[in-house]
Amino acid sequence: MNIIVLMKQVPEIEKVRFDPEKGRLDRSSAGATTNPFDLNALEAAVSMGPMKAEEMLRDAIARGADRAILLSDEMFAGADTLATAYTLSAAIKKIGSFDLVICGEKTVDGDTAQVGPEVAEFLNIPHVAFVEEILQVDSCSITVKARMERSSYIIRLSLPALITVTKDVNNPRLPTLRDKLRAMRTPITIWGYKDLAEVADPRYFGFEGSPTRVVKVYTPTAERRRGQMISGQPEEIAQKIVQVLLENKVL
Ligand SMILES: Cc1cc2nc3c(=O)[nH]c(=O)nc-3n(C[C@H](O)[C@H](O)[C@H](O)COP(=O)(O)OP(=O)(O)OC[C@H]3O[C@@H](n4cnc5c(N)ncnc54)[C@H](O)[C@@H]3O)c2cc1C
């Protein structure tokens with residue numbers, strides 16, 4: 001079975017700072033690591049990101065992937081989730097034959113959980129999000145248990161299909177020294193926008209292909225609760241309370 005896993009490198013979330021002027025994460029303010037949910041997804045890895053994501057893909061090979069592809073090009077920069085999904089789906093089309101695409105349920109930086117389902121739509125294949133258990137796989141279908149808000153459901157999909165997985169699906173394996181050495185020797189394929197020319201329209205890549213515009217990003221100020229002492233006779237106090245509630249449009 002050919003399995004493609006989509007993996008994203010994310011900043012170390014407890015260290016990363018926010019750039020309020022550009023309205024983006026300042027990714028240079030922290031180190032980079034593999035999105036933890038993507039380790040649960042791993043078999044063969046495809047990533048879209050800057051060249052430093054090569055490190056993450058080498059780790060993916062050490063953890064068992066046979067092949068790794070990095071999509072890196074100035075043309076891909078500034079992509080929202082739609083343009084990201086378009087680019088990743090173009091790479092999957094170029095790879096050609098596959099049975100299953102696996103994504104993490106979400107990333108710890110963007111946190112939208114949109115990319116997986118959008119990739120499935122671009123590939124015109126069935127998908128299920130938030131899979132917590134893979135129950136059965138045969139040559140033409142996969143049966144999974146997926147999480148809903150307060151319950152779970154079991155569903156069978158015909159292959160090829162896409163699933164996004166939660167951390168409950170497995171325990172990511174740790175690479176051995178031999179795996180790490182193999183990973184160092186394995187070449188990583190790098191594709192730019194020209195490599196995807198036969199399967200995609202470059203107008204839908206990167207910032208140009210992104211319909212989302214971030215209008216303003218700011219940290220909300222936390223307002224402390226204010227107290228007020230009201231004194232007097234009980235009837236007087238009740239009247240004052242009603243007045244305060246009316247002034248604050250509670251009544
Ligand atoms: C206007 C705009 C401009 C942006 N510009 C930039 C920018 O310049 N640089 C930047 O880094 N981000 C940028 N972003 C953020 C970027 O769009 C998201 O990081 C990206 O689309 C993934 O979304 P997410 O993190 O919410 O992924 P989710 O949908 O939460 O991820 C789910 C799963 O999809 C897969 N996945 C997601 N992203 C990738 C990827 N890149 N490669 C492989 N697999 C992936 C993984 O399996 C992941 O677990 C921008 C966003 C907007 C709205």
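Basis for what follows: all heavy atoms, side chains included, without hydrogens, waters or symmetry-related copies. Whatever order the structure lists them in is the order used to number ligands and atoms, beginning at 1. Since the structure is predicted, the reported quantities are computational estimates derived from the model, not experimental observations.
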Any heavy atom of S210 under 4.0 Å from ligand 1? The part involved is neither
Quick one: does D168's side chain have a donor or acceptor within less than 3.5 Å of a partner on E132's backbone? no
Between V5 and ligand 1, find which residue part has any heavy-atom pair under 4.0 Å and reply side chain, backbone, both or neither. neither
One finds that the ligand 1 atoms under 4.0 Å from a non-hydrogen atom of T212 are 1 (C), 53 (C)
Could an N or O of ligand 1 be found under 3.5 Å from any N or O of E105, whether backbone or side chain? no
Give the contacting part of T84 toward ligand 1: side chain, backbone, both or neither, where contact means a heavy-atom distance below 4.0 Å. side chain
Could you tell me, atom by atom, which parts of ligand 1 come under 4.0 Å of a heavy atom of M7? 42 (N), 43 (C), 44 (N)
Using a 4.0 Å cut-off to any heavy atom of Q114, which atoms of ligand 1 qualify? 29 (O)
Quick test of your reading of the structure: of C103, A113, A85, whose heavy atom lies closest to atom 30 (O) of ligand 1? A113
Stepwise side-chain contact (heavy atoms from CB on, under 4.5 Å) check, L82 with T212: CA-CA 9 Å; L82 194 70; T212 318; 5.9 Å; no
Assign the ring pair Y86 / F205 to parallel, tilted or perpendicular, where the plane angle (0 to 90°) is split at 30° and 60°. tilted
Report yes or no: does D99 contribute a side-chain atom to a donor-acceptor pair with the main-chain N or O of N2 at less than 3.5 Å? yes
Taking the six-membered ring of F207 (Phe, Tyr or Trp), confirm whether the NZ or CZ of R213 is under 6.0 Å from its centre and within 45° of its axis. yes
Is the shortest side-chain N to carboxylate O distance from K94 to E198 below 4.0 Å? yes
Geometry only, no angles: is L88 polar-contacting ligand 1 at N/O separations under 3.5 Å? no
Between L162, V115, T81, which one has a non-hydrogen atom sitting closest to atom 35 (C) of ligand 1? V115
Per-atom filter on ligand 1: closer than 4.0 angstrom to a heavy atom of D80 are 17 (O), 21 (O), 51 (C), 52 (C), 53 (C)
I want to confirm something. Looking only at heavy atoms, which of A77, G206, G110, A79 is nearest to atom 16 (C) of ligand 1? A79
Do the side chain of R156 and the main chain of I142 share a donor and acceptor less than 3.5 angstrom apart? no
Out of A83, P117, G78, indicate the one that has the non-hydrogen atom closest to atom 2 (C) of ligand 1. G78
CE on M7 to CG on L70, rounded to 0.5 Å: 12.0 Å
